[in-house]
Amino acid sequence: MTTMRQVELRYNPQEIDRKWQERWERDGTYRVRDDDPSPKWYELTMYPYPSGDLHIGHWYAMAPADCHARFRRMQGYNVIHPMGFDAFGLPAENAAIQRGIHPYTWTMGNIENMRGQLRSMGTVYDWEREIICCVPEYYRWNQWFFLKLYEKGLAYRANAPVVWCPSCQTVLANEQVLNGRCERCDTSITRRDLEQWFLRITDYADQLLDFGGLVDWPEKILTMQRNWIGRSVGVEISFDISQLGLDESEISTFTTRIDTIFGVTFMVLAPEHPLVEKLTTPERSSEVAAYVEQARRQTEIERLSAEKEKTGVFLGSYAINRLNGEQVPIFIADYALMGYGTGAVMGVPAHDQRDFEFARKYGLPIRLVIAPSGWAGGDLEEAYLEEGSMVNSGQFDGLPSSQGKEAIADFVEGQGWGRRSVSYRIRDWLISRQRYWGTPIPIVYCEKCGTVPLPEDSLPVLLPEDAEFKPSGESPLVLHQGFVSAACPRCGGAARRETDTMDTFVDSSWYMERFTSPKYDDGPFEPKVLKEWMPVDQYTGGAEHAVMHLLYARFWTKALRDMGLVDFDEPFLRLYNQGIILGEDHEKMSKSRGNVVNPDEYVGSMGADSVRCYLMFLGPWDQGGPWSTSGINGVARWLNRVWEVCQHDPSELDDRPTDEQTVRDTRRDLHQTIKKCYNDLDRFKFNTAIASLMEFSNRLNRVWSEGNVDSATWRDCTEKFLLMLAPFAPHLAEELWERAGHPYSVHNRMFPQWDEELAAEEVITLVVQVNGRLRDKLQVPVDIAEEEAKRLALASAKVQTYISDKQIARTHYVPGRLVNVVVG
RNA sequence: GCCGGGGUGGCGGAACGGUAGACGCGGCGGACUUAAAAUCCGCUACCUUCACAGGUGUGUGGGUUCGAAUCCCACCCCCGGCACCA
């Protein structure tokens, strides 16, 4: 692409960009001071993974956020708007495997490159605060936090059937599975039983459902978190199996529909349920074993695609429903999940669609116990899920099911057969990863002492540089003798070091806090400074992190609060999700489609300001939208006109006659523009803010060519215009500010204030309607009286032709807007 | 299936229940130029009309209202998320 720019610029953007970027750096214009007395504003954009190149999506996330942060600065806030790199993670390790380059080298090279690209955007990032989380100065605090969590019982090791990605060769957290596929590489996941480290996020499930501490988050994200946590209120009730003579005398199940307990006609256990073996009769054992084996071999995708067809196997044993003494057969089926509730389901086919399908397939009885209103006793075509009147339910017959729920729960609790309880969909956060490029978990396993946490003063556990990179299903650290063999800190004997590393979402769970004191050495952050800045006032980023990073970080904060390390409940008070930028063909950008836009090319030819402004102009930020080459040309043309119009010498106006009306109109436009731009910036409405700046600069052009305003008005207009332009186009505004003879720097000035009186209209267009249809427009003074407005409206010749032969039923008057004449 | 967001000119998109289409792109016409590009000026929803003007228009169908892109009901389509959670 030789000339994508069809606009001939009258200024040299490369020169101006470089000039001011260097000057800002040299002068420390954007250096953030912790002790500034102004009110603070912490504006944070999700930090990028250093994948190699800054793409247009990064620009789309960062440029508008930078504009907003600049606006807050110009409102007088002491703004911190930091940037860093999410530097641990799998791609670095894959690069090591594929190209034989060390993850550290690869990552640091990428950071070097991306930092340069980030600087080219002209952002207010204070690079003194940059953080890179793959360096020991950062990750040692991951280890420190881990020890604190371990001490509090919030980190634990357990054997569990966990999610495994065969391609990444590591386990994943449940949150990192999308539609049965690995969030990173899209491979269908499987399950494995492994000893892994978990964080007890479920302890905080109820607190995480309380969004009261948040100031402004998108409803969509709250809903996603609510659904993910999945709180269900119900009853845990046991079924009697004492007649089988096992160690266990009952099977416990969880139900939200205890009112349907008399409709139980079978029971289903998850294939992984610990009682399966004991409950299987000898003649059924081979069939059961085959089913269990098949269920565990299935990938998540296969399990999902089997959605329509319920399958299962009868174990040969029965359980007794204590409420009516009935024996019901016990099955295993893969629609029962070991991770939810107790891993056992009471089968009520009449009132649960899944149980209904299962019962139909295996010829099990379907007994109605909640009667729909007007039910005549026929067979059900599908499960009846609504409320109704209880039938076939012994002493509870006749109760409305909503009351039956409470009555049966009371009865069950009274009999000691169960208790009211709450179940959650969310599971504990699995943080172990069988990979190299992450934070080592500070634990050793000693033959004598067992699992032993390392003492704090021995941190960091350094990631050894010389490791063997092979995708083997085990961390490369396993093969590293020097790393694995350790001395037990308790007994001094031989011990084996934990070789799994931490999920990288650990890094991002507290990075916002590290930004406040990134070089602090005596803790993860300096408490005094943390208090100055946290919590984050405005967080921006993609919505894809709704139930991963955003949930983990909220959990982390609450855990830290309970340890007394922070004194706030929520890390991010306001959240705004930008949309996705699409290719010129309106499709998602991808290399295979060949529609990827490289920002560097545009920055090189038209300057950072054109790219920044175009990204903000193309549409509402939260909706994203398609890139358009001719669209960015239009913005470049506009900046070109701005360049021209702001460089006129105002004293040339002194020889020309001044038109007072034009002066008033221009000034009114200025103040209306300030008001519009200010309010739009406040609410992330960058596109309409820029449109209003375009309108105003178009007026300035017109006014200049007519030359009928005084030089003082002109100076006032251009000065305030440049101040408004500054957050959008920081380089151009700074250059024009200097050329206009103003003192450095435009970026240390306040955003202009508007004057309501000067912004007020003198004359308005009064719309005249007849029966709601536009018939005439009249120019009238803004303060026109209602009677006068109506008189003028009726006197209009155009209006007369529609009403002369009709009866006027009434007239509606909207001050400052319209008169609507209703005729019969 | 459930939960969000959204359907407005040729395109991206504007519009406190009150002038639909701001701003920009594209297109057309003109100026400048030997010429082209760039730049500047004008026009540009659709239909009828030489024009004046009129009619029709915000996914579809109803409703509320003096007045609906905007509020209510039903439906269609697109995008995103969740999908056996007992």
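Chain identifiers are assigned alphabetically (A, B, ...) following the order of the sequence lines, protein sequences preceding nucleic acid strands; residue numbering begins at 1 within each chain.
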Any donor-acceptor pair under 3.5 Å linking the side-chain atoms of [Y] with those of [X]?
X      : Y      : value
A:Y335 : A:E357 : no
A:W621 : A:Q623 : no
A:R817 : A:T765 : no

*Tell me, do A:H351 and A:L368 make a side-chain contact under 4.5 Å, heavy atoms counted?*
yes
* Protein-nucleotide distance (A:Q225, atom CD; B:G4, atom P), rounded to Å ->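 Going from A:Q225 (CD) to B:G4 (P), I get 17 Å.
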State whether the distance check finds a donor on one side and an acceptor on the other, under 3.5 Å, for side chain A:K310 versus base B:C84. yes
B:G7 glycosidic torsion: syn (within 90° of 0) vs anti:
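This nucleotide is in anti.
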- Are the aromatic ring centres of A:W627 and A:Y614 under 6.0 angstrom apart? yes
Under the rule of Watson-Crick or G-U wobble with both distances under 3.5 Å, where | means paired to another strand and [ ] a crossing pair, RNA chain B maps to (((((((..(((.....[....)))((((((.......))))))((((....))))..(((((..]....))))))))))))....
task: For the pair A:D352 and A:R257, find out whether any cationic side-chain nitrogen is under 4.0 Å from an anionic carboxylate oxygen.
output: no
**Report entry** Presence of salt bridge, A:K676 and A:E695, under 4.0 angstrom
**Finding:** no
Across all chains, not counting sequence neighbours, the salt bridge (Lys or Arg N to Asp or Glu O under 4.0 Å) partners of A:K685 are none
A:R637 side-chain N/O to B:C25 phosphate OP1/OP2 under 4.0 Å:
yes
Report task. Would you indicate what A:G230 reaches in the nucleic acid, counting non-hydrogen atoms under 4.0 angstrom: base, sugar-phosphate, or nothing? Result -> nothing
Under 4.0 Å between any heavy atoms, over every strand shown, what does A:Y802 touch: base, sugar-phosphate, or nothing? Just pick one.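 Touches sugar-phosphate only.
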Going 5' to 3' through nucleotides 8-21 of chain B and flagging B where a protein heavy-atom sits under 4.0 Å of the base, S where only the sugar-phosphate is that close, and - otherwise, we get ----BSS-B-BB--
